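Here's the structure we're looking at; comments come further down.
Computed from a prediction, not measured in an experiment: that's the story for all the values here. Every heavy atom of this structure was used, including side-chain atoms; hydrogens, water molecules and symmetry mates were not. All residue numbers in this chain count up from 1 along the given sequence.
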Amino acid sequence: MDAVIIPDAIIQRIARLQTDLGLFPSVRSNPAIAYRRPDTNVFFTAITVFTLRQLHPSASPGSQRLIDQIQVRALAAYPRFRNKDGLATYNFWPTRPSQHFPNGHLFRRFEHFRIPDDIDDTAMVYLTTTPTPDELRWLKTKLPQHANLTTRQIQTTFAEYQPLKAYSTWFGKQMGIDFDACALSNMLYCIYRYRLPLNQHDTDSLTYLRAVVESGRYKSEPFRCAPHYARTSLIIYHLARLIAAFDPPELTSIRSCLITDAYTLLAQTTNRVEQLVLATSLIRLGAAPDAVDTVAIERDFEGFHFFIAGLLTAYEHPFLRRFAHRPLVQMRWQCEAHNWALVTEYLTLRASQVSSAP
């Protein structure tokens with residue numbers, strides 16, 4: 001990816017979307033109850049910066065400067081989301097001051113809906129900053145303290161995965177243990193990126209990722225495998241990114257399955273953003289899918305969401321869990337800047353593949 005193939009106009013468009021506070025606007029919604037609110041979170045800003053940084057070597061000098069500027073502005077916003085007590089973990093929503101469900105009218109009034117820091121946001125902040133060796137060592141010590149079976153056992157996954165000492169999504173002491181294949185992929189990416197020592201928690205997290213694919217559950221029950229993403233295409237995207245970057249031997253056996261399933265979903269889905277997410281995954285896994293039409297692709301943005309929050313996801317009671325996967329009790333997040341970053345990522349990877357083809 002050394003050739004200048006990144007679309008400059010899209011990078012400029014993304015840069016214009018960044019606010020004076022350094023954040024990229026996003027929206028949370030629930031069409032079933034006609035709910036729609038602007039949202040203030042670090043997640044979409046950090047993953048947009050992360051995606052752009054991956055493409056930085058392929059950018060023109062002008063776009064490289066823009067990406068650098070975007071990152072600097074984003075980093076200035078990160079302290080608002082750092083752990084309320086100053087620890088080196090990060091929250092989805094602002095903690096200084098606390099602001100869960102920002103711009104809302106109801107949920108923000110209840111402490112019940114305040115969430116703890118999580119591995120997803122923490123991983124992405126670490127991946128888009130320059131953590132010190134002490135911070136990295138501290139994080140590697142912190143993660144096992146909240147992993148499954150350290151103080152309690154997960155109740156919301158399949159019975160055969162309950163003995164796994166995999167990392168939980170949440171750092172909070174009162175929050176139930178939660179396994180999310182996409183969040184685990186992001187934290188493992190961070191661990192591999194900084195070459196942190198691996199332990200049983202890492203191995204068991206990889207075992208979980210392999211198992212949900214080999215069992216087919218990531219296709220039949222994606223919500224239970226990744227409750228904060230809840231779509232097979234997004235699980236494939238995260239796993240493909242991890243495999244392409246670091247090729248963990250524990251995941252070698254699922255590469256062909258991911259390719260087969262990605263092709264199947266690519267033929268089925270009509271949303272072009274989801275199509276290019278799958279095509280990006282296939283390219284990363286060494287396949288060569290047909291081109292996705294990206295002309296006026298913003299028309300498909302409204303029908304695509306990258307992240308969800310299930311209002312009943314954290315509950316361990318079996319009765320409530322029966323309803324947790326239903327759209328009526330889920331919020332969906334959309335971010336225009338991140339959608340454009342996904343488009344740029346796909347166009348760059350495809351152009352690189354085409355240019356390197358014999």
Side-chain angles (χ1 to χ4, degrees), residues 1-19 21-26 42-78 81 90 120-132 135-136 182 185-196 237-247 273 276-277 279-286 292 294 297 306 335-356:
M1 291 176 57
D2 294 327
V4 179
I5 52 180
I6 197 169
D8 289 350
I10 302 181
I11 300 299
Q12 294 165 10
R13 189 167 193 164
I14 293 171
R16 289 195 296 269
L17 289 169
Q18 194 173 24
T19 68
L21 295 175
L23 299 172
F24 288 112
S26 63
V42 77
F43 177 74
F44 279 107
T45 295
I47 60 174
T48 299
V49 172
F50 173 73
T51 303
L52 295 179
R53 289 304 314 178
Q54 301 297 101
L55 305 176
H56 189 276
S58 296
S60 68
S63 283
Q64 286 182 340
R65 287 192 294 271
L66 265 184
I67 292 171
D68 292 339
Q69 292 169 12
I70 288 169
Q71 183 175 20
V72 169
R73 297 177 70 186
L75 264 58
Y78 286 176
F81 301 87
Y90 290 82
D120 222 2
D121 293 296
T122 298
M124 282 299 151
V125 168
Y126 273 63
L127 285 166
T128 53
T129 56
T130 308
T132 66
E135 285 177 324
L136 291 169
C182 298
S185 296
N186 287 337
M187 181 49 75
L188 287 166
Y189 193 108
C190 182
I191 289 168
Y192 278 106
R193 164 65 178 80
Y194 292 113
R195 300 180 181 180
L196 301 181
Y237 175 80
H238 284 81
L239 288 175
R241 184 166 66 188
L242 177 64
I243 291 170
F246 304 108
D247 196 18
V273 183
L276 65 83
V277 163
T280 294
S281 303
L282 284 165
I283 294 171
R284 283 191 166 125
L285 293 170
V292 176
T294 59
I297 196 169
F306 192 80
C335 175
E336 182 181 355
H338 183 242
N339 285 344
W340 281 118
L342 291 172
V343 174
T344 308
E345 178 181 55
Y346 164 70
L347 291 174
T348 305
L349 291 177
R350 175 167 173 78
S352 178
Q353 184 182 60
V354 170
S355 65
S356 62

Begin from the C-alpha positions of T294 and Y346 and carry the test side chain to side chain contact (heavy atoms under 4.5 Å, CB included) through to its verdict. CA-CA 10 Å; T294 59; Y346 164 70; 4.2 Å; yes
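- The structure places CG of L242 at 8.5 Å from OH of Y189, a figure rounded to the nearest 0.5 Å.
- Under a 3.5 Å cut-off, the side chain of Y192 and the backbone N or O of M187 do not form any donor-acceptor pair.
- The side-chain hydrogen bond (donor to acceptor under 3.5 Å, both in side chains) test applied to N186 returns D120, R241, not counting sequence neighbours.
- Two residues are said to be in side-chain contact when any heavy atoms from C-beta on lie closer than 4.5 Å; V49 and I67 fail this criterion.
- Among residues two or more places apart in sequence or in another chain, the side chain to side chain contact (heavy atoms under 4.5 Å, CB included) test is passed with R195 by none.
- Taking OG1 from T48 and CD1 from I70, the interatomic distance works out to 9.0 Å, rounded to the nearest 0.5 Å.
- Checked by atom type and distance alone, the side chain of T128 pairs as donor or acceptor with a backbone atom of M124 at under 3.5 Å.
- Put simply, CD1 on I47 and SG on C335 are 7.0 Å apart, with the number rounded to the nearest 0.5 Å.
- Residue pairs meeting the salt bridge (charged side-chain N to carboxylate O under 4.0 Å, His left out) criterion with at least one member in residues 46-64, sequence neighbours excluded, are R53-D68.
- Between Y126 and F50, the gap from one ring centroid to the other reaches at least 6.0 Å.
- For S63, the side-chain hydrogen bond (donor to acceptor under 3.5 Å, both in side chains) test picks out D8, with sequence neighbours left out.
- Applying the side chain to side chain contact (heavy atoms under 4.5 Å, CB included) test to T132 and every residue at least two apart in sequence or in another chain returns D134, E135.
- The two residues C190 and L127 make their nearest non-hydrogen contact at CA-CD2, 3.8 Å.
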Begin from the C-alpha positions of L347 and I10 and carry the test side chain to side chain contact (heavy atoms under 4.5 Å, CB included) through to its verdict. CA-CA 11 Å; L347 291 174; I10 302 181; 4.0 Å; yes
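- Not a single donor-acceptor pair under 3.5 Å links the side chain of T45 to the backbone N or O of A74.
- Shown here are the salt bridge (charged side-chain N to carboxylate O under 4.0 Å, His left out) partners of R284, two or more places apart in sequence or in another chain: E345.
- Residues satisfying the side-chain hydrogen bond (donor to acceptor under 3.5 Å, both in side chains) test with T51, not counting sequence neighbours, are none.
- Y194 is linked by a ring pair (Phe, Tyr, Trp, His ring centres under 6.0 Å) to nothing, counting only residues two or more places apart in sequence or in another chain.
- Side-chain contact check for T280 versus L342: every heavy-atom pair is 4.5 Å or farther apart.
- Here the closest heavy-atom approach between residue L23 and residue A77 is recorded as CD2-CB, 3.7 Å.
- Considering only residues two or more places apart in sequence or on other chains, L21 meets the side chain to side chain contact (heavy atoms under 4.5 Å, CB included) condition with T19, R80.
- The shortest distance between side-chain heavy atoms of S281 and L239 does not fall below 4.5 Å.
- Residues forming a ring pair (Phe, Tyr, Trp, His ring centres under 6.0 Å) with Y78 (at least two apart in sequence, or on another chain): none.
- The two residues A15 and L66 make their nearest non-hydrogen contact at CB-CD2, 3.8 Å.
- Applying the side chain to side chain contact (heavy atoms under 4.5 Å, CB included) test to E336 and every residue at least two apart in sequence or in another chain returns R13, L17, F301, W340.
- For T122 (side chain) and Y90 (main-chain N/O), a donor-acceptor pair under 3.5 Å exists by modelled atom type.
- Considering every non-hydrogen atom in both I283 and Q353, the closest pair reads CG1-OE1, 3.8 Å.
- I14 is listed as a side-chain neighbour of F24, based on a closest heavy-atom distance under 4.5 Å.
- When the ring pair (Phe, Tyr, Trp, His ring centres under 6.0 Å) test is applied to F306, the partners found at least two apart in sequence or on another chain are Y229, H238, H338.
- Closest approach of P7 and T344 over heavy atoms only: CD-CG2, 3.7 Å.
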